[in-house]
*Asks:* 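Encoded as structure tokens, here's the structure I'll be asking about.
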Amino acid sequence: MLRMKVAQALKSGQDGQAVDLRGWVRTRRDSKQAFSFVELNDGSCLANLQIVIDANVPGYADAIKHVTTGASIAIEGEIKDSPAKGQRVEVHAKSLRVLGEADPLKYPLQKKGHSMEFLREIAHLRPRTNTFGAVTRVRNAASAAIHHFFQSRGFVYIQSPVITTSDCEGAGQMFQVTTLDLHKLAASGKPVNFELDFFAKPASLTVSGQLEAEIFATSVGDCYTFGPTFRAENSNTTRHLAEFWMVEPEMPFYELTDNMQLAESFIKSVIGDVLKNCEADMAFFNERIDEKHELLTTMQNILDHEFIRLPYTEAVELLRNSGQNQKFEFQVEWGCDLQSEHERFLTEQHFKQPVILFDYPRTLKPFYMRCNDDGKTVRAMDVLVPRVGEIIGGSQREERLDVLLERMKECHLDPETYWWYVDLRRYGTVPHSGFGLGFERLIQLVTGLGNIRDCIPFPRVPKSADF
Ligand code: 4AD
Ligand code: MG
């Protein structure tokens, strides 16, 4: 008797093969001729496996009434070529065991579709639905594809710290980490003395592993981080999480154009792998999640065309002359941050494909980006994609000590607190570049899901960190 996963049985199970299967019941149907059909799912693939349980199976009468949606069962039986349409094989049970019942009056996941909002409230059960099973497998395939992309190019995986005392992005969105007793502090009315705190200075959850990645890029060479990052952005949008995963490659000797090339190859390679390795799940998203059923063509379109590259200044001109500017909620002018509506206009209406915008105004971007000679812009790049907008942010880094110090002053940062970062420019500095890809935004892109909260197992957003 071979223990098999449902995916394996459906793909390669042979007529007559004896199997042992375990999983959760999706549905049960009883036929008048004294047998039952059970749709079994064990999460290994989107499809269910049909189990035919004859009333002659030992214990049938007692057990079958507990074989309800959500219950877990173990089946021993034989694979048979299926006479039914749409499935290659089915299983004829020889034994049936109910491992765990699920009260049909209480089990929250009934057969018909539930709203995404409701499913977020039962995040402990939503992976049992078709949609979240598929998201989970696609997330897994995408993360394997990410490691594969970098590993096959000789990049070294670096684990950057989660707790930090430096703010990489300087956007003031950090979650503080402290062991000080806030109640006592408040009651004492005294000012906070961080010397008494765990790290003897203010500490936070990291917003990015980039600064640490730069240390390794300038020692072991091409490297990347892939880990959780945290931002206390109090924005309730469909594209922001307070905890999200970021992939941050950092490469010595790369200039901005090399960085763009890598970012484009990276996105294409990961999408290509997911399309190849998650065919059924991707077909499901195309049919059931994307209202226009255009997800697969959108993905293929991304693979088939070169990304547009456009300086920020030209993008602003284009948006202002688009005849659309009056209709935007936020009017565009040079020096303003582009809003999601502008990004979507460029990628969905104007170019109809991903766009890399570069050379942004220095006032919009963090201190570490390399200053251009025009005195106004920095070597920044944002990769924008249809449906999602910004999926990657990156830059060439400022490697010149004097310019970096000047720039830190301009950004009101104390070089003392970043002494080790500044040291990298003192000792053997080199041109280098890198970028950060928001992993959940990538998942949003490839699944077509409208809300980023459905692209991570347990979303953390303002006023909600359950599970
Ligand atoms: O553009 P960002 O802020 O860039 C950085 O953090 C750089 N240190 C990266 C680097 O150069 N190594 O963030 C990078 C990406 C964004 O493009 C977006 O995809 C994602 O991270 N991101 C978020 N994803 C979900 N929720 C949020 N609140 C996000 N903030 C940024
Ligand atoms: Mg950004």
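Indexing begins at 1, ligand by ligand and atom by atom, following the structure's order.
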*Asks:* Would you say Cys168 and ligand 1 have an N/O pair spaced under 3.5 Å apart?
*Replies:* no
*Asks:* Can a side-chain donor-acceptor contact be found between Tyr368 and Glu214 if the only test is distance below 3.5 angstrom?
*Replies:* no
*Asks:* Indicate yes or no: does Arg407 engage Glu410 in a salt bridge with an N to O separation below 4.0 Å.
*Replies:* yes
*Asks:* Provide, to 0.1 Å, the distance between atom 28 (N) of ligand 1 and the closest protein heavy atom, together with that atom's residue and name.
*Replies:* Glu233 OE1, 2.7 Å
*Asks:* With atom 10 (C) of ligand 1 as the reference point, say which of Gln210, Lys365, Met381, Gln444 has the nearest heavy atom.
*Replies:* Gln210
*Asks:* When the aromatic ring centroids of Tyr157 and Tyr224 are compared, is their separation below 6.0 Å?
*Replies:* yes
*Asks:* Considering only heavy atoms of Gly393, which atoms of ligand 1 have at least one such atom less than 4.0 Å away?
*Replies:* 1 (O), 9 (C), 10 (C), 11 (O), 17 (O)
*Asks:* Do ligand 1 and Leu241 have nitrogen or oxygen atoms that lie under 3.5 Å from each other?
*Replies:* yes
*Asks:* ring-ring contact (aromatic ring centres under 6.0 Å, His included) with His148: which residues, sequence neighbours excluded?
*Replies:* none
*Asks:* Can a donor-acceptor pair be found, under 3.5 Å and without considering hydrogens, that links the side chain of Ser464 to the backbone of Val461?
*Replies:* no
*Asks:* Just the protein N/O/S atoms under 2.8 Å from the Mg ion (ligand 2), please, no waters.
*Replies:* Glu390 OE2
*Asks:* Looking at Phe307, I'd like to know if the NZ or CZ of Arg309 sits under 6.0 Å from its six-membered ring centre while staying within 45 degrees of the ring's axis.
*Replies:* no
*Asks:* Which ligand 1 atoms does Ile392 reach within 4.0 Å, using its non-hydrogen atoms?
*Replies:* 17 (O)
*Asks:* If we ignore hydrogens and angles and just use 3.5 Å, is the side chain of Glu169 paired with the main-chain N or O of Ser208 as donor and acceptor?
*Replies:* no
*Asks:* What protein heavy atom sits nearest atom 4 (O) of ligand 1, and how far off is it?
*Replies:* Glu169 OE1, 3.9 Å
*Asks:* Measure the distance from atom 20 (C) of ligand 1 to every protein heavy atom, then report the residue, atom name and distance (to 0.1 Å) of the closest one.
*Replies:* Gly438 CA, 3.6 Å
*Asks:* What is the nearest protein non-hydrogen atom to atom 6 (O) of ligand 1, stated with its residue, atom name and distance?
*Replies:* Arg231 NH2, 2.8 Å
*Asks:* Just to check, does Arg239 reach to within less than 4.0 Å of ligand 1 when the distance is taken from its heavy atoms?
*Replies:* yes
*Asks:* Listed by chain and number, what are the ring-ring contact (aromatic ring centres under 6.0 Å, His included) partners of Phe367, not counting sequence neighbours?
*Replies:* Tyr418, Tyr421
*Asks:* Assess whether a salt bridge exists between Asp281 and Arg139, defined as any Lys/Arg side-chain N lying under 4.0 Å from an Asp/Glu carboxylate O.
*Replies:* no
*Asks:* Number the atoms of ligand 1 from 1 as they appear, then name those within less than 4.0 Å of a heavy atom of Gly394, with their elements.
*Replies:* 11 (O)
*Asks:* Decide whether Asn259 and Arg397 meet the rule of one side-chain donor and one side-chain acceptor closer than 3.5 Å.
*Replies:* no
*Asks:* Can you find a non-hydrogen atom of Phe439 under 4.0 Å from ligand 1?
*Replies:* no
*Asks:* Using 4.0 Å as the upper bound for N to carboxylate O, is an ion pair formed by Glu399 and Arg370?
*Replies:* yes
*Asks:* Could you tell me the residue and atom name of the protein heavy atom closest to atom 16 (C) of ligand 1, and the distance to it rounded to 0.1 Å?
*Replies:* Glu390 OE2, 3.2 Å
*Asks:* What part of Arg441 sits under 4.0 Å from ligand 1 if we count only heavy atoms: the side chain, the backbone, both or neither?
*Replies:* side chain
*Asks:* Would you say the side-chain atoms of Thr68 pair up with the backbone N or O of Ala102, donor to acceptor, closer than 3.5 Å?
*Replies:* yes
*Asks:* Identify the closest protein heavy atom to atom 24 (N) of ligand 1: which residue and atom is it, and at what distance?
*Replies:* Phe244 CD1, 3.5 Å
*Asks:* Among residues at least two apart in sequence or on other chains, which ones pass ring-ring contact (aromatic ring centres under 6.0 Å, His included) with Phe328?
*Replies:* His342, Phe345
*Asks:* One thing to verify: whether Arg120 and Asp454 come together as a salt bridge, which I'm taking to mean a side-chain N less than 4.0 angstrom from a carboxylate O.
*Replies:* yes
*Asks:* Answer with side chain, backbone, both or neither: which part of Tyr368 has a heavy atom less than 4.0 angstrom from an atom of ligand 1?
*Replies:* side chain
*Asks:* Check each atom of ligand 1 against the heavy atoms of Glu248 and keep those under 4.0 Å away; list them by number with element.
*Replies:* 7 (C), 8 (N), 9 (C), 10 (C), 12 (N)
*Asks:* Of the protein's non-hydrogen atoms, which lies at the shortest distance from atom 11 (O) of ligand 1, and what is that distance?
*Replies:* Arg397 NH2, 2.9 Å
*Asks:* Measure from the ring center of Phe266 to the ring center of Phe150 and say whether it is less than 6.0 Å.
*Replies:* yes
*Asks:* Salt bridge or not for Arg362 and Glu398, using N-O below 4.0 Å?
*Replies:* no
*Asks:* Do me a favour and list the nearest non-hydrogen protein atom to atom 15 (C) of ligand 1 with residue, atom name and distance?
*Replies:* Gly436 O, 3.6 Å
*Asks:* Which atoms from ligand 1 have a heavy atom of Met246 less than 4.0 Å away?
*Replies:* 6 (O), 13 (O), 14 (C), 15 (C), 21 (O)
